[in-house]
Amino acid sequence: MFLRILLATIFCLTASIASADSVSVGFNDDSFQLGYEHPVNNDAYGTAMLNGRFLYNGDEETRLGSLGLDFTGKPGNISGLDLGVGTKIYAGSTDPDIDFINLAIGLRGSYILPQLKGLGVAGRLYYAPKVFSFRDSERLFEAEVRLTYAVLPKVKLYVSYQNIGLDIDSQNDNHTVNDSVRIGFVGFF
């Protein structure tokens with residue numbers, strides 16, 4: 001039930017795409033990920049970003065939705081550097097019959113190399129401890145690293161590696177929800 005509400009919320013928010021700050025699409029032969037970010041507040045101290053995504057992975061029979069709120073800013077006088085912290089709620093299912101809901105806290109960062117005219121790197125780490133993990137999961141960990149290139153002022157191409165893992169409540173092992181390399185783009189509005 002919660003997964004249906006989460007996915008309905010994500011799709012309703014993506015329907016107002018004209019007011020979104022960015023939309024991303026990434027894919028490979030077995031999976032795709034759709035995401036968006038929308039600034040809810042922007043001032044001299046930084047930006048509060050509402051974000052959401054839907055991930056499908058056919059290899060693991062995974063369907064995952066997430067909603068998050070990140071606080072980002074530009075520390076010091078380092079041109080091209082953005083850092084942030086935030087929280088994200090995950091809900092989904094994966095094979096074999098594992099349902100999960102997790103509330104994670106994480107870090108994100110990006111750096112556009114000024115010398116290389118549009119080339120950049122980005123990454124994020126999110127962790128949901130046992131106290132914030134529900135259904136069949138005990139913990140969740142997500143890591144992603146991206147190599148980006150701005151081909152146009154409003155379009156970045158990327159290659160990313162993403163790994164999402166769960167500790168399962170009834171078993172003593174880690175289950176991989178997603179372990180993929182994807183290509184894609186981010187469009188800015």
Pairs satisfying salt bridge (Lys or Arg N to Asp or Glu O under 4.0 Å), at least one member in residues 87-104, at least two apart: Asp99-Arg135
Hydrophobic cluster identity match, Tyr126 and Met49, side-chain contacts under 4.5 Å: no
Ile98 and His175, any side-chain heavy atoms less than 4.5 Å apart: yes
Whether Ser22 side chain and Gly187 backbone form a donor-acceptor pair below 3.5 Å: no
Nearest non-hydrogen partners of Phe100 and Ser93, listed with the distance: CE2-N, 3.6 Å
Steps toward side-chain contact (heavy atoms from CB on, under 4.5 Å) verdict (Phe132, Asn102): CA-CA 6 Å; Phe132 293 142; Asn102 303 84; over 6 Å; no
Donor-acceptor contact below 3.5 Å, side chain Asn163 vs main chain Asp179: no
Heavy-atom donor-acceptor pair, Ser133 side chain to Pro129 backbone, under 3.5 Å: yes
Test log, rule side-chain contact (heavy atoms from CB on, under 4.5 Å), inputs Arg63 and Leu55: CA-CA 6 Å; Arg63 289 168 183 80; Leu55 167 69; over 6 Å; no
Closest contact, heavy atoms only, Tyr161 versus Val181: CD1-CG2, 3.9 Å
Note, Val23 side chain near Phe189 side chain (heavy atom, < 4.5 Å): yes
Cluster link Val85 to Tyr45, ILVMFWY, side chain under 4.5 Å: no
Nearest heavy-atom neighbours spanning Leu69 and Asn51: N-ND2, 4.4 Å
Counterpart residues, side chain to side chain donor-acceptor pair (under 3.5 Å), relative to Asn178 (two or more places apart): Asn57, Gln162, Ser180, Arg182
Linked, directly or transitively: Phe54 and Val25 (ILVMFWY side chains, under 4.5 Å): yes
Charged N-O contact under 4.0 Å between Arg53 and Glu142: yes
From CG (Asn28) to CD1 (Ile183), nearest 0.5 Å: 8.5 Å
Worked verdict on Leu140 versus Tyr90 for side-chain contact (heavy atoms from CB on, under 4.5 Å): CA-CA 9 Å; Leu140 178 138; Tyr90 297 78; 3.8 Å; yes
Straight-line distance of Tyr158 OH to Phe185 CZ, nearest 0.5 Å: 8.5 Å
Heavy-atom pair of closest approach, residues Leu147 and Gly120: CD1-O, 3.4 Å
Whether Phe32 and Tyr56 hold their rings parallel, tilted or perpendicular, with breakpoints at 30° and 60°: tilted
Residues Thr72 and Asp82: side-chain donor-acceptor under 3.5 angstrom: no
Atom of Ala143, atom of Leu125 and distance for their closest heavy-atom approach: CB-CD2, 3.6 Å
Contact summary for Leu119 and Thr148, nearest pair of heavy atoms: CD1-O, 3.3 Å
Interatomic distance, Asp59 atom CG to Ser31 atom OG [nearest 0.5 angstrom]: 8.0 Å
Atom pair CG/CD1 of Leu67 and Ile89 - distance to nearest 0.5 Å: 7.5 Å
Interatomic distance, Arg146 atom CZ to Arg124 atom CZ [nearest 0.5 angstrom]: 6.5 Å
Main-chain N/O of Ala104 paired to Thr87 side chain as donor or acceptor, under 3.5 Å: yes
Distance (rounded to the nearest 0.5 Å) between Leu83 CG and Ile78 CD1: 8.0 Å
Single-linkage hydrophobic cluster Ile112~Val159, side-chain heavy atoms < 4.5 angstrom: no
ILVMFWY network linking Ile105 to Leu107, side-chain heavy atoms under 4.5 angstrom: no
